[in-house]
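Here is the structure we will look at.
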Amino acid sequence: MTRVATFSADGHRDALPGDGAPASAEPLLRVERLRKFFPIASGRGSQLHAVDDVSLTVGRGESLGLVGESGCGKSTLARLLARLHDPTDGRIVFDGSDIGSIPASRFARRSDRARIQMVFQDPTDSLNPRFTAADAIAEPLKLLDRLQGEALRVRVAELAAQVGLPAELLPRYPHQLSGGQKARVGIARALSVRPDLLILDEPTAALDVSVQAVVLQLLERLRRELGLSLIFVSHDLNVVRLLTERVAVMYLGEIVEIGPSEQVFRQPLHPYTRALISSIPGQGPRIRLQGEARSPIDPPAGACRFHGRCPEGQDRCGREKPRLVSLEVRAAACLLVAKQVSSEG
(Lines give C-alpha, C1' and ligand atoms only; values in the text may rest on other atoms or scores of the structure.)
Protein backbone atom coordinates (compact mmCIF):
# COMPACT_ATOMS: atom_id res chain seq x y z
CA MET A 1 0.00 0.00 0.00
CA THR A 2 1.24 3.50 -0.85
CA ARG A 3 1.39 6.08 1.92
CA VAL A 4 2.14 9.74 2.38
CA ALA A 5 5.63 9.91 3.80
CA THR A 6 7.08 11.68 6.77
CA PHE A 7 10.73 12.77 6.85
CA SER A 8 11.91 9.19 6.62
CA ALA A 9 10.39 8.69 3.16
CA ASP A 10 13.46 9.15 1.02
CA GLY A 11 12.83 6.45 -1.53
CA HIS A 12 15.23 3.97 0.04
CA ARG A 13 14.01 0.42 0.67
CA ASP A 14 13.55 0.99 4.38
CA ALA A 15 11.61 4.22 3.82
CA LEU A 16 8.25 3.05 5.13
CA PRO A 17 6.99 -0.11 6.78
CA GLY A 18 4.41 -1.91 4.72
CA ASP A 19 5.07 -0.02 1.49
CA GLY A 20 5.81 -3.13 -0.52
CA ALA A 21 9.60 -2.81 -0.25
CA PRO A 22 11.63 -5.34 1.76
CA ALA A 23 13.40 -4.06 4.85
CA SER A 24 17.09 -3.35 4.44
CA ALA A 25 20.06 -3.25 6.77
CA GLU A 26 20.85 -0.03 8.58
CA PRO A 27 22.30 2.37 6.00
CA LEU A 28 25.79 3.77 6.31
CA LEU A 29 24.44 7.33 6.23
CA ARG A 30 21.05 8.57 7.37
CA VAL A 31 20.07 12.22 7.06
CA GLU A 32 16.96 13.45 8.87
CA ARG A 33 15.29 16.83 8.26
CA LEU A 34 18.59 18.54 7.54
CA ARG A 35 18.62 22.32 7.17
CA LYS A 36 21.29 24.89 6.42
CA PHE A 37 20.32 28.57 6.48
CA PHE A 38 22.77 31.40 5.82
CA PRO A 39 21.98 34.84 7.32
CA ILE A 40 21.72 37.75 4.88
CA ALA A 41 23.77 40.66 6.22
CA SER A 42 21.49 43.40 4.93
CA GLY A 43 18.25 41.44 5.14
CA ARG A 44 17.04 42.39 8.64
CA GLY A 45 17.01 38.83 9.87
CA SER A 46 16.40 37.24 6.47
CA GLN A 47 18.01 33.90 5.73
CA LEU A 48 19.00 32.03 2.59
CA HIS A 49 17.50 28.53 2.78
CA ALA A 50 20.29 26.62 1.04
CA VAL A 51 19.19 23.18 2.32
CA ASP A 52 15.71 22.89 3.77
CA ASP A 53 14.25 19.76 5.39
CA VAL A 54 16.27 17.16 3.47
CA SER A 55 16.08 13.49 4.42
CA LEU A 56 17.85 10.63 2.66
CA THR A 57 19.90 7.50 3.20
CA VAL A 58 22.96 5.99 1.56
CA GLY A 59 23.52 2.26 1.90
CA ARG A 60 26.84 0.52 2.30
CA GLY A 61 28.51 0.24 -1.08
CA GLU A 62 25.73 2.25 -2.73
CA SER A 63 26.08 5.18 -5.14
CA LEU A 64 23.65 8.10 -4.90
CA GLY A 65 23.47 10.95 -7.42
CA LEU A 66 22.43 14.52 -6.55
CA VAL A 67 21.12 16.57 -9.46
CA GLY A 68 19.41 19.92 -9.96
CA GLU A 69 19.94 23.42 -11.29
CA SER A 70 22.79 25.64 -10.13
CA GLY A 71 21.92 27.15 -6.76
CA CYS A 72 19.55 24.34 -5.74
CA GLY A 73 21.70 23.40 -2.74
CA LYS A 74 23.54 20.32 -4.04
CA SER A 75 27.04 21.51 -3.12
CA THR A 76 25.92 22.86 0.25
CA LEU A 77 24.33 19.50 1.05
CA ALA A 78 27.53 17.73 0.00
CA ARG A 79 29.60 19.91 2.32
CA LEU A 80 27.19 19.32 5.19
CA LEU A 81 27.48 15.56 4.73
CA ALA A 82 31.26 15.83 4.50
CA ARG A 83 31.10 17.78 7.78
CA LEU A 84 32.72 20.88 6.31
CA HIS A 85 29.66 22.99 7.26
CA ASP A 86 27.61 22.86 10.45
CA PRO A 87 23.88 22.30 9.92
CA THR A 88 21.29 24.75 11.18
CA ASP A 89 19.04 21.86 12.19
CA GLY A 90 18.53 18.15 11.62
CA ARG A 91 20.56 14.98 12.08
CA ILE A 92 23.43 13.35 10.19
CA VAL A 93 23.80 9.76 11.40
CA PHE A 94 26.89 7.97 10.12
CA ASP A 95 27.29 4.27 10.91
CA GLY A 96 24.88 4.66 13.83
CA SER A 97 26.51 7.78 15.35
CA ASP A 98 25.00 11.26 15.21
CA ILE A 99 27.89 13.28 13.77
CA GLY A 100 25.80 16.29 12.78
CA SER A 101 25.82 17.60 16.34
CA ILE A 102 29.64 17.68 16.41
CA PRO A 103 31.05 21.06 15.29
CA ALA A 104 32.92 20.77 12.00
CA SER A 105 36.12 22.15 13.56
CA ARG A 106 36.05 19.40 16.20
CA PHE A 107 35.00 16.67 13.77
CA ALA A 108 38.12 17.45 11.71
CA ARG A 109 40.24 16.10 14.57
CA ARG A 110 38.25 12.92 15.15
CA SER A 111 39.04 9.49 13.76
CA ASP A 112 35.67 9.53 11.93
CA ARG A 113 37.09 12.26 9.69
CA ALA A 114 39.03 9.61 7.79
CA ARG A 115 35.86 7.66 7.02
CA ILE A 116 34.20 10.51 5.08
CA GLN A 117 36.25 12.14 2.34
CA MET A 118 35.46 14.57 -0.46
CA VAL A 119 36.70 15.19 -4.00
CA PHE A 120 36.16 18.79 -5.05
CA GLN A 121 34.97 20.30 -8.30
CA ASP A 122 38.12 22.01 -9.54
CA PRO A 123 41.25 19.84 -9.16
CA THR A 124 43.46 22.93 -9.58
CA ASP A 125 41.83 24.98 -6.82
CA SER A 126 41.72 22.01 -4.44
CA LEU A 127 45.49 21.39 -4.59
CA ASN A 128 48.07 23.48 -2.76
CA PRO A 129 50.31 24.98 -5.49
CA ARG A 130 53.32 24.63 -3.16
CA PHE A 131 52.77 20.89 -2.68
CA THR A 132 54.00 18.25 -5.10
CA ALA A 133 51.61 15.49 -6.10
CA ALA A 134 53.29 13.24 -3.53
CA ASP A 135 52.91 15.90 -0.82
CA ALA A 136 49.21 16.34 -1.59
CA ILE A 137 48.52 12.60 -1.34
CA ALA A 138 50.67 12.28 1.79
CA GLU A 139 49.06 15.15 3.75
CA PRO A 140 45.99 13.28 5.12
CA LEU A 141 48.17 10.23 5.83
CA LYS A 142 50.39 12.37 8.03
CA LEU A 143 47.51 14.10 9.80
CA LEU A 144 45.09 11.20 10.28
CA ASP A 145 47.18 8.01 10.04
CA ARG A 146 50.39 9.50 11.51
CA LEU A 147 52.45 7.84 8.80
CA GLN A 148 55.99 9.01 8.10
CA GLY A 149 59.24 7.91 6.53
CA GLU A 150 59.37 4.79 4.37
CA ALA A 151 55.85 3.66 5.33
CA LEU A 152 54.51 6.98 4.06
CA ARG A 153 56.47 6.82 0.81
CA VAL A 154 55.28 3.27 0.11
CA ARG A 155 51.64 4.15 0.79
CA VAL A 156 51.79 7.21 -1.51
CA ALA A 157 53.27 5.06 -4.29
CA GLU A 158 50.51 2.46 -3.80
CA LEU A 159 47.80 5.11 -4.04
CA ALA A 160 49.31 6.65 -7.16
CA ALA A 161 49.33 3.24 -8.81
CA GLN A 162 45.76 2.58 -7.68
CA VAL A 163 44.43 5.67 -9.48
CA GLY A 164 46.68 5.26 -12.52
CA LEU A 165 49.06 8.15 -11.77
CA PRO A 166 52.57 7.36 -13.09
CA ALA A 167 55.24 7.37 -10.38
CA GLU A 168 57.37 9.84 -12.34
CA LEU A 169 54.65 12.49 -11.86
CA LEU A 170 54.73 12.38 -8.06
CA PRO A 171 57.52 15.01 -7.72
CA ARG A 172 55.64 17.47 -9.95
CA TYR A 173 53.67 20.52 -8.79
CA PRO A 174 50.04 21.16 -9.85
CA HIS A 175 50.98 23.59 -12.63
CA GLN A 176 53.11 20.82 -14.17
CA LEU A 177 50.18 18.37 -14.35
CA SER A 178 47.28 18.07 -16.78
CA GLY A 179 43.66 18.35 -15.62
CA GLY A 180 43.20 14.60 -15.64
CA GLN A 181 46.41 14.06 -13.69
CA LYS A 182 45.36 16.61 -11.07
CA ALA A 183 41.98 14.88 -10.79
CA ARG A 184 43.78 11.59 -10.09
CA VAL A 185 45.85 13.28 -7.38
CA GLY A 186 42.65 14.56 -5.75
CA ILE A 187 41.06 11.12 -5.85
CA ALA A 188 44.20 9.45 -4.47
CA ARG A 189 44.33 11.98 -1.64
CA ALA A 190 40.67 11.32 -0.76
CA LEU A 191 41.22 7.54 -0.84
CA SER A 192 44.46 7.66 1.13
CA VAL A 193 42.85 7.19 4.55
CA ARG A 194 40.55 4.38 3.34
CA PRO A 195 37.14 6.13 3.63
CA ASP A 196 33.81 4.35 3.72
CA LEU A 197 31.98 7.27 2.09
CA LEU A 198 33.35 9.32 -0.80
CA ILE A 199 31.53 12.54 -1.72
CA LEU A 200 32.27 13.91 -5.18
CA ASP A 201 31.19 17.46 -6.04
CA GLU A 202 31.23 17.82 -9.84
CA PRO A 203 34.63 16.03 -9.96
CA THR A 204 34.87 16.09 -13.76
CA ALA A 205 33.25 19.47 -14.52
CA ALA A 206 36.58 21.19 -15.24
CA LEU A 207 37.88 18.40 -17.48
CA ASP A 208 37.71 17.79 -21.22
CA VAL A 209 35.09 15.26 -22.32
CA SER A 210 37.66 12.60 -23.20
CA VAL A 211 39.35 12.99 -19.82
CA GLN A 212 35.99 12.93 -18.03
CA ALA A 213 35.25 9.46 -19.39
CA VAL A 214 38.56 8.09 -18.13
CA VAL A 215 38.10 9.58 -14.64
CA LEU A 216 34.53 8.29 -14.39
CA GLN A 217 35.64 4.77 -15.36
CA LEU A 218 38.30 5.04 -12.67
CA LEU A 219 35.73 6.04 -10.02
CA GLU A 220 33.40 3.19 -10.93
CA ARG A 221 36.27 0.68 -10.78
CA LEU A 222 37.42 1.98 -7.41
CA ARG A 223 33.89 1.87 -6.01
CA ARG A 224 33.58 -1.81 -6.94
CA GLU A 225 37.05 -2.79 -5.77
CA LEU A 226 36.97 -0.89 -2.46
CA GLY A 227 33.28 -1.30 -1.61
CA LEU A 228 32.88 2.47 -1.31
CA SER A 229 29.65 4.34 -0.81
CA LEU A 230 29.48 7.30 -3.20
CA ILE A 231 27.52 10.54 -3.29
CA PHE A 232 27.96 12.02 -6.75
CA VAL A 233 26.95 15.66 -7.34
CA SER A 234 26.68 16.60 -11.00
CA HIS A 235 24.89 18.68 -13.63
CA ASP A 236 25.55 15.94 -16.17
CA LEU A 237 22.46 13.76 -16.06
CA ASN A 238 23.91 11.12 -18.39
CA VAL A 239 26.87 10.66 -16.06
CA VAL A 240 24.59 10.35 -13.04
CA ARG A 241 22.45 7.77 -14.81
CA LEU A 242 25.48 5.65 -15.68
CA LEU A 243 27.40 5.97 -12.43
CA THR A 244 24.73 5.85 -9.70
CA GLU A 245 22.18 3.34 -8.48
CA ARG A 246 19.82 5.94 -7.01
CA VAL A 247 19.29 9.62 -7.73
CA ALA A 248 17.91 12.51 -5.67
CA VAL A 249 16.57 15.57 -7.51
CA MET A 250 16.88 18.90 -5.67
CA TYR A 251 15.00 22.13 -6.26
CA LEU A 252 15.54 25.26 -4.15
CA GLY A 253 16.99 23.40 -1.19
CA GLU A 254 14.49 20.54 -1.14
CA ILE A 255 14.45 17.01 -2.52
CA VAL A 256 11.51 16.75 -4.91
CA GLU A 257 12.12 13.20 -6.14
CA ILE A 258 14.31 10.26 -5.19
CA GLY A 259 14.53 6.68 -6.33
CA PRO A 260 16.43 4.11 -8.42
CA SER A 261 18.24 5.97 -11.19
CA GLU A 262 16.90 3.92 -14.09
CA GLN A 263 13.31 4.27 -12.89
CA VAL A 264 13.60 8.01 -12.28
CA PHE A 265 15.15 8.64 -15.70
CA ARG A 266 12.77 6.33 -17.53
CA GLN A 267 9.56 7.46 -15.83
CA PRO A 268 10.03 10.62 -13.72
CA LEU A 269 7.22 11.45 -11.30
CA HIS A 270 7.84 15.14 -10.55
CA PRO A 271 7.27 17.81 -13.23
CA TYR A 272 10.66 19.35 -12.45
CA THR A 273 12.39 16.01 -12.95
CA ARG A 274 10.61 15.64 -16.28
CA ALA A 275 11.85 19.08 -17.34
CA LEU A 276 15.43 18.23 -16.33
CA ILE A 277 15.43 14.94 -18.20
CA SER A 278 13.92 16.53 -21.30
CA SER A 279 17.12 18.58 -21.62
CA ILE A 280 19.11 15.40 -22.36
CA PRO A 281 19.64 15.06 -26.13
CA GLY A 282 17.42 12.38 -27.60
CA GLN A 283 14.89 12.45 -24.74
CA GLY A 284 12.04 13.91 -26.78
CA PRO A 285 10.69 17.47 -26.88
CA ARG A 286 12.32 19.93 -24.50
CA ILE A 287 10.10 21.11 -21.64
CA ARG A 288 10.77 24.81 -21.20
CA LEU A 289 9.97 26.24 -17.79
CA GLN A 290 8.24 29.57 -17.46
CA GLY A 291 9.40 32.48 -15.32
CA GLU A 292 12.25 32.56 -12.84
CA ALA A 293 12.96 30.34 -9.87
CA ARG A 294 11.70 31.67 -6.55
CA SER A 295 14.27 33.24 -4.28
CA PRO A 296 15.77 30.91 -1.67
CA ILE A 297 15.71 33.87 0.75
CA ASP A 298 12.81 33.35 3.16
CA PRO A 299 10.73 31.17 0.77
CA PRO A 300 6.99 30.87 1.50
CA ALA A 301 6.24 28.08 3.93
CA GLY A 302 2.80 27.16 2.59
CA ALA A 303 3.40 26.68 -1.13
CA CYS A 304 5.20 24.48 -3.60
CA ARG A 305 8.50 26.15 -4.46
CA PHE A 306 8.13 25.05 -8.07
CA HIS A 307 4.80 26.87 -8.35
CA GLY A 308 4.85 29.50 -11.09
CA ARG A 309 7.33 27.57 -13.23
CA CYS A 310 5.57 24.22 -13.28
CA PRO A 311 3.83 23.49 -16.60
CA GLU A 312 1.35 21.26 -14.73
CA GLY A 313 0.75 23.51 -11.72
CA GLN A 314 -2.67 24.32 -10.27
CA ASP A 315 -3.97 27.11 -8.04
CA ARG A 316 -3.74 24.90 -4.94
CA CYS A 317 0.01 24.52 -5.53
CA GLY A 318 0.39 28.15 -4.46
CA ARG A 319 -1.50 27.47 -1.22
CA GLU A 320 -0.31 23.99 -0.17
CA LYS A 321 3.15 22.62 0.42
CA PRO A 322 3.62 19.08 -0.93
CA ARG A 323 5.19 16.35 1.15
CA LEU A 324 7.22 13.45 -0.15
CA VAL A 325 4.86 10.69 -1.24
CA SER A 326 6.35 7.20 -1.11
CA LEU A 327 5.70 4.85 -4.02
CA GLU A 328 7.42 1.59 -3.07
CA VAL A 329 11.15 2.37 -3.53
CA ARG A 330 10.55 5.86 -4.93
CA ALA A 331 9.27 9.16 -3.54
CA ALA A 332 8.17 12.51 -4.98
CA ALA A 333 6.99 15.79 -3.46
CA CYS A 334 4.13 16.88 -5.71
CA LEU A 335 0.42 17.45 -5.04
CA LEU A 336 -0.44 15.82 -8.36
CA VAL A 337 1.43 12.66 -7.35
CA ALA A 338 -0.33 12.70 -3.97
CA LYS A 339 -3.72 13.01 -5.69
CA GLN A 340 -2.90 10.09 -7.98
CA VAL A 341 -1.80 7.97 -5.03
CA SER A 342 -4.99 8.78 -3.12
CA SER A 343 -7.17 7.78 -6.06
CA GLU A 344 -5.28 4.50 -6.51
CA GLY A 345 -5.31 3.72 -2.80
Side-chain angles (χ1 to χ4, degrees), residues 3-17 19 21 24 26-39 46-59 62 64-68 71-104 107 112 116 197 199 229 231 233 246-259 269-270 272 294 296-306 320-327 329-335 337-338:
R3 304 184 182 182
V4 176
T6 60
F7 66 85
S8 62
D10 55 13
H12 200 60
R13 287 190 175 273
D14 58 352
L16 286 172
D19 65 356
S24 67
E26 179 66 19
L28 178 67
L29 178 72
R30 180 180 293 278
V31 178
E32 299 174 356
R33 311 205 70 162
L34 194 63
R35 291 181 167 91
K36 180 60 179 180
F37 301 163
F38 294 99
S46 294
Q47 294 180 310
L48 189 152
H49 293 217
V51 173
D52 200 351
D53 203 17
V54 165
S55 298
L56 56 81
T57 62
V58 179
E62 183 185 30
L64 173 72
L66 280 177
V67 301
C72 71
K74 304 186 303 295
S75 291
T76 300
L77 177 58
R79 283 162 171 73
L80 286 168
L81 302 183
R83 298 304 293 113
L84 302 178
H85 288 333
D86 289 325
T88 301
D89 196 12
R91 302 179 73 215
I92 303 172
V93 180
F94 181 75
D95 201 13
S97 299
D98 185 355
I99 63 172
S101 59
I102 304 168
F107 186 78
D112 285 346
I116 305 174
L197 175 63
I199 301 172
S229 296
I231 296 176
V233 180
R246 283 194 306 138
V247 61
V249 182
M250 291 191 70
Y251 185 80
L252 280 183
E254 300 179 331
I255 288 180
V256 297
E257 184 165 353
I258 188 167
L269 298 174
H270 197 280
Y272 176 64
R294 291 172 179 260
I297 299 174
D298 297 329
C304 174
R305 294 184 184 179
F306 194 44
E320 298 179 41
K321 184 176 178 63
R323 294 188 295 166
L324 278 171
V325 174
S326 177
L327 292 148
V329 296
R330 302 176 62 182
C334 178
L335 296 176
V337 174

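The structure presented is a predicted model; accordingly, all values stated were derived computationally and were not measured.
- Side-chain contact between Ile116 and Ile99 is present, with at least one heavy-atom pair separated by less than 4.5 Å.
- Residues passing the salt bridge (Lys or Arg N to Asp or Glu O under 4.0 Å) test with Glu257, sequence neighbours excluded: Arg330.
- Val337 and Ala332 get closest at one heavy-atom pair: CG2-CB, 4.3 Å.
- Phe94 places a side-chain heavy atom less than 4.5 Å from the side chain of Leu28.
- Looking only at side-chain heavy atoms (C-beta outward), Arg83 and Asp112 stay at 4.5 Å or farther from each other.
- Side-chain contact between Gln47 and His49 is present, with heavy atoms from C-beta onward closer than 4.5 Å.
- Using a 4.5 Å cut-off on side-chain heavy atoms (C-beta onward), Leu56 and Val31 make contact.
- Heavy-atom minimum distance, Val67 versus Lys74: C-CD, 3.4 Å.
- At least one side-chain heavy atom of Ile258 sits less than 4.5 Å from a side-chain heavy atom of Arg246.
- For the residue pair Arg294 and Tyr251, the shortest heavy atom distance occurs at N-OH, 4.5 Å.
- The distance from atom SG of Cys72 to atom CD1 of Ile255, rounded to the nearest 0.5 Å, is 10.0 Å.
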Review point. Hey, mind stepping through Val256 and Phe306 against side chain to side chain contact (heavy atoms under 4.5 Å, CB included) and telling me if it holds?
Key: CA-CA 10 Å; Val256 297; Phe306 194 44; over 6 Å; no
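- Between Thr88 and Lys36, some side-chain heavy-atom pair lies under the 4.5 Å cut-off.
- His85 NE2 to Phe38 CZ: the interatomic distance, rounded to the nearest 0.5 Å, is 4.5 Å.
- Considering only heavy atoms from C-beta on, Pro27 stays 4.5 Å or farther from Glu62 through its side chain.
- Rounding to the nearest 0.5 angstrom, the gap separating the CZ atom in Arg323 from the CG atom in Leu335 is 10.5 Å.
- Here the CG-OG distance, from Asp95 to Ser97, works out to 6.5 Å after rounding to the nearest 0.5 Å.
- Not a single donor-acceptor pair under 3.5 Å links the side chain of Thr57 to the backbone N or O of Arg30.
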Exercise for review: I would like to know whether Ile231 and Leu29 meet side chain to side chain contact (heavy atoms under 4.5 Å, CB included); could you show each step before the answer?
Suggested key: CA-CA 11 Å; Ile231 296 176; Leu29 178 72; 3.9 Å; yes
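- Here CD1 of Ile199 is found 10.5 Å from CG of Leu64. Values are rounded to the nearest 0.5 Å.
- In terms of heavy-atom proximity, Ala104 sits nearest to Asp86 at N-OD1, 2.7 Å.
- The two atoms that bring Ser229 and Val58 nearest to each other are CB-CG1, 4.1 Å, heavy atoms only.
- Rounded to the nearest 0.5 Å, atoms CG (Asp53) and NZ (Lys321) are 7.5 Å apart.
- Of all non-hydrogen atoms in Val51 and Gly73, the two that sit nearest each other are CG2-O, 3.8 Å.
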